[in-house]
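Let me begin by presenting the structure, written as structure tokens, before commenting on it.
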Amino acid sequence: MCWQHRFPMIKFERLYLEETESTNDIAKEKGKKGKDFLAVMARMQTKGRGRMGRSFSSRKDNGLYMSLLFPMPENTCVPVIAALAVREVIASYSRQKTVIKWPNDILIHTREGYRKICGILCEAFVRDGKSFAICGIGVNLKDDFPEELKEIATCLSAHTDKAISAEQLGEEICLAFSSYLEKEIRMDEYQKHLVNLNRRVSAVQAGQQIEGVCVGLNEKGELLVQAEEKEILVIHAGDVAVYDI
Ligand code: BTN
């Protein structure tokens, strides 16, 4: 890990829970009551949430389930910071290539191609006219997955020789996050790790099917896709499939 991460100014207060419905909800509740910087970690979640209204499997001690609360930074795309910080920490555990799938899934290379190892859910709320962000991070540490995830997900323990503790991983992510929140956002750094780049992608946006080659991101962190008809389309949100990874 690079030296800037060792002494960040931003400090997240910690809250460790045995069990909760969703750490994102606890972070929001505490934020609404006046906390500014908080990391909530739980050993299990009973209603873990993913993007696009999906659920997130959160069995006891099978993963890191953590939410970070902080004031919304200006001119910064929170999902970009989140993906950069978490990717960097996961990559430090393994020699396998670790990449970002837009907007902020983290995938790791396996014998069967890239598999999802971590999902991030960014949410926001307003307290007294001030915006706050919540980044919910779910890293698969062990392989106790429900049947439907076995083909698409993998876990950190399968890709490292290092000892893994959810608490330690959480600490490292807090540190990396603090550091990324303090520095200027680097879209080129994000793009360097983006598995979508220069690959064929497909997505559905506003009911329209989009197919083309991903050519990068704009300054808002939106995905740029070159469609067949030479037009560049902008994808704001949603799910993007990447071919041949
Ligand atoms: C995704 O893959 O769609 C995002 C998954 C985010 C899961 C994390 S686990 C901690 C936090 N609490 C939640 O309910 N969700 C996030």
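This chain uses plain numbering: 1 for the first residue, then up along the sequence.
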Exercise for the section: Go through V139 and Y93 one step at a time and tell me if the side chain to side chain contact (heavy atoms under 4.5 Å, CB included) criterion holds. Expected result: CA-CA 13 Å; V139 184; Y93 276 79; over 6 Å; no

Treating Ile, Leu, Val, Met, Phe, Trp and Tyr as nodes and any side-chain heavy-atom pair under 4.5 angstrom as an edge, say whether [X] and [Y] lie in one connected cluster.
{"X": "I137", "Y": "F56", "result": "no"}
{"X": "L233", "Y": "I235", "result": "yes"}
{"X": "I108", "Y": "I120", "result": "yes"}
{"X": "Y180", "Y": "I134", "result": "no"}
{"X": "I100", "Y": "M187", "result": "yes"}

Quick one: do [X] and [Y] make a salt bridge, cutoff under 4.0 Å?
{"X": "R51", "Y": "D105", "value": "no"}
{"X": "D36", "Y": "R127", "value": "yes"}
{"X": "E123", "Y": "R49", "value": "yes"}
{"X": "E29", "Y": "K32", "value": "no"}

Practice task
Test D239 against every option in Q205, R54, K101 by the side chain to side chain donor-acceptor pair (under 3.5 Å) rule and name the one that passes.
Solution key: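 The residue from Q205, R54, K101 that satisfies side chain to side chain donor-acceptor pair (under 3.5 Å) with D239 turns out to be R54.
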
Please examine the side chains of [Y] and [X], heavy atoms only from C-beta on, and report whether any two atoms are closer than 4.5 Å.
{"X": "K11", "Y": "S178", "answer": "no"}
{"X": "V78", "Y": "M72", "answer": "yes"}
{"X": "W102", "Y": "C214", "answer": "no"}
{"X": "M41", "Y": "E171", "answer": "yes"}
{"X": "S58", "Y": "M44", "answer": "no"}
{"X": "L15", "Y": "E13", "answer": "no"}
{"X": "S131", "Y": "V126", "answer": "yes"}
{"X": "F70", "Y": "I10", "answer": "no"}

Heavy atoms only: give me the nearest [X]-[Y] pair and the separation to one decimal.
{"X": "V234", "Y": "E222", "result": "CG1-OE1, 3.4 Å"}
{"X": "S202", "Y": "E211", "result": "CB-OE2, 3.6 Å"}
{"X": "G221", "Y": "V80", "result": "CA-CG2, 4.4 Å"}
{"X": "H159", "Y": "T154", "result": "NE2-OG1, 2.8 Å"}
{"X": "Q168", "Y": "S165", "result": "N-OG, 2.9 Å"}
{"X": "L68", "Y": "C174", "result": "CD2-SG, 3.8 Å"}

Side chain of [X], backbone of [Y]: donor and acceptor closer than 3.5 Å?
{"X": "T76", "Y": "E74", "value": "yes"}
{"X": "K130", "Y": "P71", "value": "no"}
{"X": "N104", "Y": "A83", "value": "no"}
{"X": "T98", "Y": "Q96", "value": "yes"}
{"X": "K162", "Y": "S92", "value": "yes"}
{"X": "E19", "Y": "K60", "value": "no"}
{"X": "Y65", "Y": "G63", "value": "yes"}

In terms of heavy-atom contacts, does [atom1] of [X] have more than 12 from other residues, nucleotides or ligands at under 6.0 Å?
{"X": "K150", "atom1": "NZ", "result": "yes"}
{"X": "K97", "atom1": "NZ", "result": "no"}
{"X": "E151", "atom1": "CD", "result": "no"}
{"X": "E184", "atom1": "CD", "result": "no"}

Exercise for the section: Report the C-alpha separation of S157 and D143 in whole Å, then their side-chain angles, then the decisive distance to 0.1 Å, and conclude whether the side chain to side chain contact (heavy atoms under 4.5 Å, CB included) test is met. Expected result: CA-CA 8 Å; S157 60; D143 63 359; 5.9 Å; no

To the nearest 0.5 Å, what is the distance between [atom1] on [X] and [atom2] on [Y]?
{"X": "F12", "Y": "L175", "atom1": "CZ", "atom2": "CG", "result": "10.0 Å"}
{"X": "L141", "Y": "R59", "atom1": "CG", "atom2": "CZ", "result": "14.5 Å"}
{"X": "R199", "Y": "I245", "atom1": "CZ", "atom2": "CD1", "result": "6.5 Å"}
{"X": "I117", "Y": "L156", "atom1": "CD1", "atom2": "CG", "result": "4.5 Å"}
{"X": "C155", "Y": "N62", "atom1": "SG", "atom2": "CG", "result": "7.5 Å"}
{"X": "K30", "Y": "D25", "atom1": "NZ", "atom2": "CG", "result": "12.5 Å"}

Exercise for the section: Sort out for me which residue in L17, L38, L69 forms a side chain to side chain contact (heavy atoms under 4.5 Å, CB included) with I26. Expected result: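 So, applying the side chain to side chain contact (heavy atoms under 4.5 Å, CB included) to I26 and each of L17, L38, L69, only L17 qualifies.
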
Practice task
Using the side chain to side chain contact (heavy atoms under 4.5 Å, CB included) rule, take K28 and S67 through it: C-alpha gap first, then chi angles, then the decisive distance, then the call.
Solution key: CA-CA 9 Å; K28 187 187 277 181; S67 298; over 6 Å; no

Problem - Cationic tip of K192 above Y190 ring, under 6.0 Å, 45° of axis - result: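 No cation-pi geometry.
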
Practice task
Could you tell me how the ring of F132 sits relative to the ring of F125: parallel (under 30°), tilted (30 to 60°) or perpendicular (over 60°)?
Solution key: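 Plane angle under 30°, so parallel.
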
Practice task
Determine, stepwise, if the pair L223 / L194 fulfils side chain to side chain contact (heavy atoms under 4.5 Å, CB included).
Solution key: CA-CA 11 Å; L223 202 69; L194 187 64; 4.2 Å; yes

